Amino acid sequence: MVSPTTSVNSHLLTIENLRTYFYLPEGTVQAVDDVSFRVRKAEIVGLVGESGCGKSVTALSILGLIPWPPGRIVGGRIIFQGSDLTRLPPQKLRDIRGNKISMIFQEPMTSLNPVYTLGHQIAEVYMEHQAVSKKEALNRAKDMLDKLRIPAPAKRIYEYPHNLSGGMRQRVMIAMALACNPQLILADEPTTALDVTIQAQILELTVELQRSLSTSILLITHNLGIVAEYAQRVIVMYAGKIVEEAPVIQIFEEPLHPYTIGLLNSIPKLGSKAAVGKRRLSEIPGMVPSLNDLPQGCSFHPRCAAARSVCRANEPEIVEISPGRRVACWAVTDGWS
């Protein structure tokens with residue numbers, strides 16, 4: 001459960017016990033299993049973990065974009081501005097999607113339509129949610145590209161995605177996400193395909209606009225360096241569950257869950273021997289378990305050097321051990337629950 005210390009009304013987004021499963025011939029994949037967290041207004045929250053841990057499925061669940069078949073939300077609530085998004089009719093959810101909640105997808109080349117101009121794709125957001133004319137929508141699209149520092153925006157709105165570099169296409173994706181001044185942006189690995197210099201430019205620009213619009217961001221990434229730079233809080237997921245949540249400084253200075261410790265130890269450190277190739281980087285042993293065949297007890301115990309008999313037999317509950325800090329680990333929470 002989400003910590004009861006702060007009222008739901010003080011948060012923009014509240015997710016309670018979310019379960020999103022995929023029903024496949026091989027079995028039921030519990031992609032998101034009993035996930036609860038909150039996002040405050042104008043806050044950047046980092047959602048981190050290895051590939052396949054449920055980060056993107058969590059974001060798609062918020063927007064109601066889980067395809068059926070094979071997937072569906074089977075339990076829990078997603079409260080946004082007092083409404084449970086899991087219970088809204090499709091039309092009301094469409095009014096929120098792209099308007100009050102937007103998403104920046106991982107790969108702009110597959111998210112942008114190659115047969116429509118950039119201006120058409122951005123203008124479509126304005127016409128759908130703000131009932132403006134096509135001419136006015138194109139003018140707003142041009143202004144948004146200008147805000148995102150795309151050169152010659154009056155020319156770019158008539159070009160196609162293949163005419164732009166990866167970094168410029170990502171800026172167009174951000175323009176579409178910010179078009180209607182949303183209250184919440186779900187940024188799903190927004191800089192994965194970009195080199196580090198362009199990554200920094202895109203992130204700085206996104207955060208600059210986020211601050212000016214007082215927008216909240218759920219920043220989904222496996223890059224802990226990005227989280228350290230931009231997020232206020234961090235949520236760590238493993239095998240479809242949250243295993244730790246804390247303010248960003250606490251996560252980096254005093255991680256508690258063995259998985260979080262493993263993630264941080266695997267980061268190259270400037271000036272270390274590992275960084276200059278003198279020795280191998282630390283790694284988390286073993287493999288991420290299949291989500292349709294999870295081990296009994298704690299899902300991380302086969303990879304955990306500190307695992308005990310209770311870890312192998314019983315799944316730990318996530319426990320708040322201090323205000324804003326939660327962890328799901330028997331070694332940490334014994335005596336707290």
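Bear in mind that the values here come from a model prediction, so they are computed numbers and not experimental data. FYI, side chains are in, hydrogens and waters are out, and symmetry mates aren't considered; it's all heavy atoms of this structure.
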Fellow cluster residues of [X], listed by chain then number, with links counted only when side-chain atoms sit under 4.5 Å apart:
| X | result |
| --- | --- |
| M287 | none |
| V115 | Y116 |
| I261 | none |

side-chain contact (heavy atoms from CB on, under 4.5 Å) partners for P295, two or more places apart =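 Scan of P295 (side-chain contact (heavy atoms from CB on, under 4.5 Å), adjacent residues dropped) gives P289, H301, P302.
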Sequence neighbours left out, what passes side-chain contact (heavy atoms from CB on, under 4.5 Å) with V310? Give chain and number order.
-> R308, N314, W330
State whether the side chain of [X] and the backbone N or O of [Y] hold a donor-acceptor pair below 3.5 Å, judged by distance alone.
| X | Y | result |
| --- | --- | --- |
| S216 | A42 | yes |
| Q170 | P190 | yes |
| S83 | L85 | no |
| R97 | L63 | yes |
| R326 | V319 | no |
| N99 | D95 | yes |
| E16 | G76 | no |
| H257 | A328 | yes |
| K55 | E50 | yes |
| S36 | N17 | yes |

[X]: side-chain hydrogen bond (donor to acceptor under 3.5 Å, both in side chains) partners, not counting sequence neighbours:
| X | result |
| --- | --- |
| T260 | E244 |
| E254 | none |
| E136 | R140 |

Result block: side-chain N/O donor-acceptor pairs under 3.5 angstrom for residues 153-160, not counting sequence neighbours:
unit_1: R156; atom_1: NE; unit_2: P151; atom_2: O; d: 3.4
unit_1: R156; atom_1: NH1; unit_2: E159; atom_2: OE1; d: 2.8

Same apolar cluster: [X] and [Y], side chain cutoff 4.5 Å:
| X | Y | value |
| --- | --- | --- |
| V39 | L18 | yes |
| V248 | V327 | no |
| I15 | V57 | yes |
| L24 | L294 | yes |

Are the side chains of [X] and [Y] in touch, meaning some heavy atoms are under 4.5 Å apart?
| X | Y | answer |
| --- | --- | --- |
| D34 | R19 | yes |
| V29 | Y21 | no |
| T191 | L203 | yes |
| F22 | R72 | no |
| V243 | M237 | no |
| R303 | V288 | yes |
| L263 | N265 | no |
| C298 | C329 | no |

Salt bridge between E128 and R94, side-chain N to carboxylate O under 4.0 Å?
->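 Looking at R94 together with E128, the answer is no, because their closest N to O distance does not fall below 4.0 Å.
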State whether R233 and E43 are salt-bridged, where the test is any N-O pair (Lys NZ or Arg NE/NH1/NH2 against Asp/Glu carboxylate O) under 4.0 Å.
->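 Yes, this pair counts.
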Scan residues 199-220 for pairs that pass salt bridge (Lys or Arg N to Asp or Glu O under 4.0 Å), counting only residues two or more places apart or in two chains.
-> R149-E208
Return yes if a side-chain donor-acceptor contact under 3.5 Å exists between [X] and [Y], otherwise no.
| X | Y | answer |
| --- | --- | --- |
| T86 | D84 | yes |
| S56 | D188 | yes |
| Q199 | D195 | no |
| T20 | S61 | yes |

Inter-residue atom distance [X].[atom1] - [Y].[atom2], 0.5 Å rounding:
| X | Y | atom1 | atom2 | answer |
| --- | --- | --- | --- | --- |
| F37 | I318 | CZ | CD1 | 11.5 Å |
| Q210 | L205 | CD | CG | 12.0 Å |
| L218 | T58 | CG | OG1 | 8.0 Å |

Between I251, I242, V48, which is the residue that forms a side chain to side chain contact (heavy atoms under 4.5 Å, CB included) with I235?
->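 Option passing the side chain to side chain contact (heavy atoms under 4.5 Å, CB included) with I235: I242.
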Side chain to side chain contact (heavy atoms under 4.5 Å, CB included) with N223: which of L219, V227, T221?
-> T221
Any pair counted as ring pair (Phe, Tyr, Trp, His ring centres under 6.0 Å), so long as it reaches residues 222-241, sequence neighbours left out =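 Listed by first then second residue: Y238-Y259, Y238-F300.
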Can you give each donor-acceptor pair under 3.5 Å made by side-chain atoms of residues 171-185, sequence neighbours left out, with the distance rounded to 0.1 Å?
unit_1: R171; atom_1: NH1; unit_2: L148; atom_2: O; d: 2.9
unit_1: R171; atom_1: NH2; unit_2: Q201; atom_2: OE1; d: 3.2

Flag if over 12 foreign heavy atoms under 6.0 Å of CD1, I249 = no
